[in-house]
Each structure stands twice: as C-alpha cells, then as structure tokens.
Amino acid sequence: MLLATWNVNSLKARLARVLEFLDTHRPDVLCLQETKASSDSFPHTELKDAGYSAVDHSGGRWAGVAIVAPVEHSLDHIVRGLASEPRPDEARWIEATVSADGNPLRVVSVYVPNGRALDHPAFQDKLKFLDAMVERTTTLVKDPLFLAGDMNIAPADADVYDPAAFRGSTHTSAAERSRLSRLLASGLVDTFRHLEPDSTQYTWWDYRAGNFHKNLGLRIDLGLLTPDLARRCQRCGIDRSFRKGPKPSDHAPLLIQLS
DNA sequence: ATGGCTTGTTTTACAAGA
C-alpha cells in the first residue's frame, strides 16, 4: 500500500503535475494541501478520468485540503474540520476512511496555519489549531491512522537548512515544537525520520533566489503513522522530481510504502 | 537576503505563503 502527501500550492495550477504524480506512482492514498479550490471548482471529473476519487474540504481562495484514492477503494465516514479550531472557515482538516480490499484505514489531510511571525495574532491561531489537533488525535490513534500534511513546523534543527537564520521565526519555535512533540507522544511516528534517522532531506524550498537548486529547504511536510503501521513501512522518500520541471509547487511530495 | 517567486482575486495592486 502506497501512501502520499503533497502541498500542491493550488490544485488548479498544479492539476497537470498531480495527474502526472498519480500516473507515475499510482498511490492508494494521496493527501493534498493548499488546494486553493472552492467546492464547486474542485476537479473531480479530471481526477475520475485518471481513475481516482476525492473528498475535499475547500475554503476558496486560501488553504483547502483533500484526500484522493483510487475509484475502486471506498472513501467514507468523512469529517470536515476540527472541533475547537480557531478559524473553521479556512478548511485545513479533513478525515476519511479509505478501504482497500476491506481493510479500513483512517486518513487525515491537514494544513497547519503558517503563523506569519511569533508576535503576530496569526501565531496564536496556529498554536490553538495545534492544540485542537492534539485533542482530536488522542481519539483517532485508537485505530490505525495515517495523519499527513503540511505541519508548518520543522521538527528539529536537522530539518532546517540554516537553524541560526530561523531563530526567532515561526516553524522552529519551542511553542510549535512542543505541540508537535505532544502530537507524536499521543501515539504517532514521524515515518520519514523513523526510517532515515540521520538523513537531511527537505520537502519545501522557497521559490525565490534559486533556493531549490542550492537545497536551502525545510522538512515541514510529515506523514505520521500509528506504531503498528509504522512497523509495516518499508520505504519512505521525498520525490524531488516534482519540485522540478514545469510549474512546480514549492513543496515536494512525500511517499510511504507499507507492506 | 531586506519577500528576490507564485498564486488567486474584491486584478493591473495586493495579500499570503514559510
């Protein structure tokens, strides 16, 4: 079973690359973030033509998340939004149960708020969102869970190209990292780091200043698994080829192969 | 490296991203 997550920075602008991704990897689950779609404009028809169905939580101009799976898998028990999240209209959390050959897997696609700056009101909303996430996840981890998306937190300095440059910035603060630690402590494994304890690899690079070519990036897109599923993980990798070529997202997709 | 690209929109300027 192949699981994936990808912040596409507009599903409309990235549709050709997303179809290319589905054709190349044929994932059983693809979590999308920053779809920047409305419910009406979500490209269900184009995905269906590629053999995939999707459930979306769409907020229009910004954010937006979705879960995509092959049409032959069932996709049900959909939950849109997170109880006690500060701005429910922003469409940052969706849950669904994906069943392949009768084996159910609970899946979450999440797009954590950016936070802008430590002294910005948006940062308090980011922390509240993370608290709401921890609260909900405590219940979800009782069953097999794949919780994936753009956490907008680099878990450790090893996940940051220049830790000194990020001191005093969002994505690396103690307030954010302690909440991510609580999320993991609720019973989830950071799959990439579990399989690659010493590897330095990123999932996001700024569009500007040739940062991708200089490999100046952050690892902020995570695929989290409950321990029984993590034990079944054979491979976990970041497909940098989708950060290259025509009209790339500024994030690369993360792939997780389960036995 | 100081927002240097990229996206969408209440477009021809601005907001947001990380």
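Just the heavy atoms: all of them, side chains too, but no hydrogens, waters or symmetry mates, feed the values below. As the structure is a prediction and not an experimental result, all values here were calculated from the model. The sequence lines fix the lettering, A, B, ..., with proteins before strands; numbering per chain opens at 1.
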Sugar-phosphate, base or nothing in reach of W62(A), heavy atoms under 4.0 Å: base
Under 4.5 Å side-chain linkage, directly or through intermediates, the cluster mates of W6(A): L2(A), V8(A), L11(A), L15(A), V18(A), L19(A), F21(A), L22(A), L30(A), L32(A), F42(A), L47(A), Y52(A), V68(A), F242(A), L255(A)
Qualifying salt bridge (Lys or Arg N to Asp or Glu O under 4.0 Å) pairs, either residue in residues 225-236 of chain A, two or more places apart: D228(A)-R231(A)
Nearest-Å distance once atom P is located in both dG4(B) and dC14(B): 14 Å
Name the atoms and distances for all side-chain donor-acceptor pairs under 3.5 Å in residues 138-145 of chain A, with sequence neighbours left out.
unit_1: T138(A); atom_1: OG1; unit_2: V134(A); atom_2: O; d: 2.8

A13(A) vs A117(A), nearer the 5' end of DNA chain B by closest nucleotide: A13(A)
Sequence neighbours excluded - salt bridge (Lys or Arg N to Asp or Glu O under 4.0 Å) pairs with any residue from residues 56-73 of chain A: none
Ring pair (Phe, Tyr, Trp, His ring centres under 6.0 Å) against H194(A), all qualifying residues, sequence neighbours excluded: none
Same-atom distance (C1') from dT11(B) to dA1(B), integer angstrom: 29 Å
Non-hydrogen atoms of G223(A) and A148(A) that approach each other most closely: CA-CB, 4.1 Å
Any residue of residues 121-133 of chain A with a heavy atom less than 4.0 Å from an atom of DNA chain B: none
DNA chain B contacts among residues 237-252 of chain A, heavy-atom distance under 4.0 Å: K247(A), H251(A)
Touch class at under 4.0 angstrom, heavy-atom based, for D162(A) against every strand present: nothing
Sugar-phosphate only, base, or nothing, as touched by D206(A) at under 4.0 Å among non-hydrogen atoms: base
Distance, rounded to the nearest Å, where I220(A) contributes CD1 and dG17(B) contributes P: 12 Å
Spacing between R14(A) atom CZ and dG17(B) atom C1', to the nearest angstrom: 13 Å
Length of the line joining R116(A):CZ and dC14(B):C1', which is rounded to integer Å: 13 Å
Pairwise C1' distance for dA15(B) and dT10(B), with rounding to whole Å: 12 Å
Within residues 169-177 of chain A, residues whose heavy atoms come under 4.0 Å of DNA chain B: H171(A)
Separation of dG17(B) C1' from M151(A) CE (nearest whole Å): 17 Å
Closest approach of I238(A) to T203(A) (non-hydrogen atoms, all atoms of both residues): CD1-CG2, 3.8 Å
Donor-acceptor pair between Q33(A) and D150(A) side chains, under 3.5 angstrom: no
Linked hydrophobic residues, W62(A) as query - side chain contacts closer than 4.5 Å: none
Contacts of type side-chain contact (heavy atoms from CB on, under 4.5 Å), residue L216(A), not counting sequence neighbours: Y161(A), N211(A), K214(A)
Whichever of G210(A) and G115(A) has its nearest DNA chain B nucleotide further upstream toward 5': G210(A)
Under 3.5 Å, which donor-acceptor pairs do the side chains of residues 120-131 of chain A form with other protein atoms, sequence neighbours left out?
unit_1: H120(A); atom_1: ND1; unit_2: A122(A); atom_2: N; d: 2.9
unit_1: D125(A); atom_1: OD2; unit_2: R87(A); atom_2: NE; d: 2.8
unit_1: K126(A); atom_1: NZ; unit_2: N114(A); atom_2: O; d: 2.9
unit_1: K126(A); atom_1: NZ; unit_2: N152(A); atom_2: O; d: 2.7
unit_1: K126(A); atom_1: NZ; unit_2: E176(A); atom_2: OE2; d: 2.6
unit_1: D131(A); atom_1: OD1; unit_2: R179(A); atom_2: NE; d: 2.9
unit_1: D131(A); atom_1: OD1; unit_2: R182(A); atom_2: NH1; d: 3.4

Partners meeting side chain to side chain donor-acceptor pair (under 3.5 Å) with R177(A) (sequence neighbours left out): D157(A)
Check: S249(A) side chain, N7(A) main-chain N or O, donor-acceptor pair, under 3.5 Å: yes
Sugar-phosphate only, base, or nothing, as touched by A209(A) at under 4.0 Å among non-hydrogen atoms: base
Sugar-phosphate only, base, or nothing, as touched by Y202(A) at under 4.0 Å among non-hydrogen atoms: nothing
W204(A) CH2 - dC5(B) C1' separation (whole Å): 11 Å
For atom CG of L11(A) and atom P of dG8(B), their distance in whole Å: 10 Å
Nucleotide nearest R61(A) when distance is taken to its side chain, options dC5(B), dG8(B), dA16(B): dG8(B)
Between dT9(B) (P) and K12(A) (NZ): distance, integer Å: 7 Å
Integer angstrom distance from the C1' of dT7(B) to that of dT12(B): 16 Å
Protein-nucleotide distance (Y207(A), atom OH; dG8(B), atom C1'), rounded to Å: 13 Å
Sugar-phosphate, base or nothing in reach of D221(A), heavy atoms under 4.0 Å: nothing
